[in-house]
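All values below come from the heavy atoms of this structure, side chains included, with hydrogens, waters and symmetry mates left out. Small disclaimer: the values here were computed from a predicted structure and weren't measured. Indexing begins at 1, ligand by ligand and atom by atom, following the structure's order.
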Amino acid sequence: MKAVFVTEFGGVEKLRYEDLPMPMVGDGQALVKVHAIGVNFIDIYYRTGLYPAPPPVVLGMEAAGVVERVAPTVKEVKPGDRVAWAMHRGAYAEHAAVPVWLLVPIPPELDFQSAAASLLQGMTAHYLTHSTYPLKEGETCLVHAAAGGTGRWIAAAAKIRGARVIGTASTLEKEKIAREAGCDEVILYTENDFEYETRKLTGGRGVDVVYDSVGAATWEKSLGSIRPRGMMVSFGNASGAVPAFQPLALSQKGSLFLTRPVLTHYCATRDELLWRATDVFRWLIEGRFRLLIDKVYKLADAGQAQTDLASRKTAGKLLLVP
Ligand code: NDP
């Protein structure tokens, strides 16, 4: 089968689109024929080695497809089932062997592309707004890169919680996309000081929580945008990893809480995973979240998709098809 993988970490030139043996179906696993693959920033981290894994590293954490075969004791899914998953690497391929507890049934209303475009980023928005900092009605959050794949989902999920949403975006076009996703206010953070603007928009108080996926470039000013005893949720590194810092800074900024969460720890059991996935698919079906698929690439063009994502050219979701 064809797959996209790296044997050496580095730029997109290190990506190989070549034949690999069909994956072995281990205990508790199913073999899935992949129909659509979600592109996520984490795929870039695995390519560059920021997130280390032993080579060959088949990229991709998210896809949708049809179960072809299951290990003997498996009961959760059967051949022919339409399923999607997030959080298991190996999705940039024609087939993948996936632990069945991670497989989510795709509702009949949704096609493969919608499912592959939603699960990882939608569940991330779900855990950030419902569990990490469970937003309450009337609270205010700051969401960076609000026109991005995950950012659009967070803006929508925060509105579902009844919060006021301040987003940031780099261009006027992205500002419009962020507003359509649910942001009440959008700050062009490439032109304006978002800390100053956030303080202004909150009457000097600061927001209850910042959901920060940008990392190094926004870190300092994000801390400065939070109310006393509010929360800094640093959940990504799109501009680079946050540098080392002194915990004392949290006291100086107002006894802040800091967390650096990941999706896997918030989908720790099958029940928790299905709770989040079911909500995400329901939001889609009920039209509470409007999917924006920026572009669908061929699997062989995964390098171009990653280049576009990393160069801030995209809004919403990117997909690959085998
Ligand atoms: P996005 O679609 O959000 O793309 C990244 C966006 O970040 C860009 O469009 C851009 O928006 C903004 N950005 C700001 N500075 C830079 C920069 N220097 N280089 C590139 N982009 C920049 O990607 P994803 O939704 O896939 O992921 C966003 C982040 O969220 C990633 O860091 C990812 O790792 C993280 N994430 C974390 C999860 C977790 O559980 N911890 C789960 C899912 C995602 P603009 O042009 O408006 O500035």
Side-chain angles (χ1 to χ4, degrees), residues 37-48 50-51 59-62 86-89 91 116-133 142-157 166-179 181 183 186-192 194 210-219 221-222 232-242 258-268 272-273 276 280 291-295 305-320:
I37 302 153
V39 178
N40 293 287
F41 232 92
I42 192 170
D43 308 339
I44 297 172
Y45 305 147
Y46 275 108
R47 186 198 75 218
T48 59
L50 179 68
Y51 293 180
L59 301 179
M61 306 297 285
E62 173 182 45
M87 305 185 301
H88 184 74
R89 202 167 38 69
S118 304
L119 209 53
L120 194 148
Q121 295 174 342
M123 291 199 301
T124 298
H126 192 284
Y127 87 74
L128 292 173
T129 56
H130 288 58
S131 303
T132 306
Y133 186 95
L142 177 63
V143 181
H144 286 310
T150 310
R152 286 184 74 250
W153 275 101
I154 299 172
I166 303 173
T168 60
S170 63
T171 64
L172 282 172
E173 197 188 349
K174 287 190 176 186
E175 177 189 339
K176 189 161 168 276
I177 291 167
R179 275 188 201 280
C183 291
V186 181
I187 301 166
L188 271 186
Y189 61 173
T190 38
E191 289 176 18
N192 300 302
F194 76 82
V210 178
Y211 298 115
D212 189 332
S213 64
V214 172
T218 45
W219 169 253
K221 286 182 181 292
S222 288
M232 170 68 175
V233 182
S234 172
F235 73 98
N237 334 283
S239 67
V242 173
L258 165 67
T259 183
R260 203 321 180 176
V262 290
L263 179 60
T264 39
H265 298 141
Y266 281 90
C267 289
E272 196 171 33
L273 169 79
R276 300 196 197 284
V280 164
L291 206 52
L292 174 64
I293 296 177
D294 188 304
K295 194 165 170 187
Q306 291 194 350
T307 299
D308 292 347
L309 183 63
S311 57
R312 298 173 86 162
K313 277 190 195 145
T314 65
K317 188 72 184 182
L318 306 183
L319 293 176
L320 306 173

- Item | Distance-only N or O hit between ligand 1 and T124, under 3.5 Å | no
- Item | Enumerated ligand 1 atoms positioned under 4.0 Å from heavy atoms of L120 | 43 (C)
- If you count the atoms of ligand 1 from 1 in the order shown, which ones are under 4.0 Å from a heavy atom of L309? 2 (O), 4 (O), 23 (O)
- Task: State whether the side chain of S213 and the backbone N or O of G236 hold a donor-acceptor pair below 3.5 Å, judged by distance alone.
- Result: no
- Message: Regarding ligand 1, does V214 bring an N or O atom to under 3.5 Å of one of the ligand's N or O atoms?
- Response: no
- Item | Heavy-atom closest contact (T124 atom, L120 atom, distance) | OG1-O, 2.7 Å
- Consider every N or O of Y51 and every N or O of ligand 1, then say whether any pair is closer than 3.5 Å. no
- closest protein heavy atom to atom 32 (O) of ligand 1 is Y45 OH, 2.7 Å
- Can you find an N/O atom of Q121 closer than 3.5 Å to an N/O atom of ligand 1? yes
- Can you tell me if K174 uses its side chain to pair, donor with acceptor, with the backbone of R312 under 3.5 Å? yes
- Query: Any donor-acceptor pair under 3.5 Å linking the side chain of Y133 with the backbone of V233?
  - Reply: no
- Near K174 (heavy-atom distance under 4.0 Å), the atoms of ligand 1 are 9 (O), 11 (O), 45 (P), 46 (O), 47 (O)
- Message: Can you tell me how the ring of H144 sits relative to the ring of F194, calling it parallel under 30°, perpendicular over 60° and tilted otherwise?
- Response: perpendicular
- N or O contact, P261 vs ligand 1, cut-off under 3.5 Å: yes
- Message: Among all protein heavy atoms in this structure, tell me which lies nearest to atom 20 (C) of ligand 1, with the distance rounded to 0.1 Å.
- Response: A310 O, 3.3 Å
- What residue and heavy atom of the protein are closest to atom 44 (C) of ligand 1, and at what distance? T150 OG1, 3.7 Å
- Message: Could you identify the single nearest non-hydrogen protein atom to atom 17 (C) of ligand 1 and state the distance to 0.1 Å?
- Response: A238 O, 3.5 Å
- Message: Using a 3.5 Å cut-off on N or O atoms only, is A169 in polar contact with ligand 1?
- Response: no
- Message: Within ligand 1, which atoms have a heavy atom of Y127 less than 4.0 Å away?
- Response: 39 (C), 40 (O), 41 (N)
- With sequence neighbours left out, what residues match E272 under side-chain hydrogen bond (donor to acceptor under 3.5 Å, both in side chains)? R276
- Message: Quick one: does any side-chain atom of D294 pair with a main-chain N or O of G316 as donor and acceptor, under 3.5 Å?
- Response: no
- Does at least one non-hydrogen atom of A217 fall below 4.0 angstrom from an atom of ligand 1? no
- Any donor-acceptor pair under 3.5 Å from D308 side chain to A305 backbone: no
- Side-chain (S239) to main-chain (A217) donor-acceptor, under 3.5 angstrom: yes
- Item | Per atom 16 (C) of ligand 1, closest listed option by heavy atom (K313, R312, H144) | R312
- atom 33 (C) of ligand 1: the protein heavy-atom neighbour that sits closest, reported with distance to 0.1 Å: F41 CB, 3.7 Å
- Nearest non-hydrogen protein atom to atom 2 (O) of ligand 1, with distance, is G149 N, 2.8 Å
- Item | ligand 1 contact by R260, heavy-atom criterion under 4.0 angstrom | yes
- Task: Considering only non-hydrogen protein atoms, determine which one is nearest to atom 6 (C) of ligand 1 and report residue, atom name and distance to 0.1 Å.
- Result: A145 CB, 3.9 Å
- Task: Consider only side-chain N and O atoms of T218 and D212, and report whether a donor and an acceptor are under 3.5 Å apart.
- Result: yes
- Task: Give the ring-plane orientation class for F41 versus Y45, where under 30° counts as parallel, over 60° as perpendicular and anything between as tilted.
- Result: tilted
- Task: Check whether any N or O atom of F235, backbone or side chain, sits under 3.5 Å from an N or O atom of ligand 1, and answer yes or no.
- Result: yes
- Note on the structure: Heavy-atom proximity to atom 18 (N) of ligand 1, picking from S170, S213, S239, G167, points to S239
- For N40, counting its heavy atoms only, list the atoms of ligand 1 lying under 4.0 Å from any of them. 26 (O)
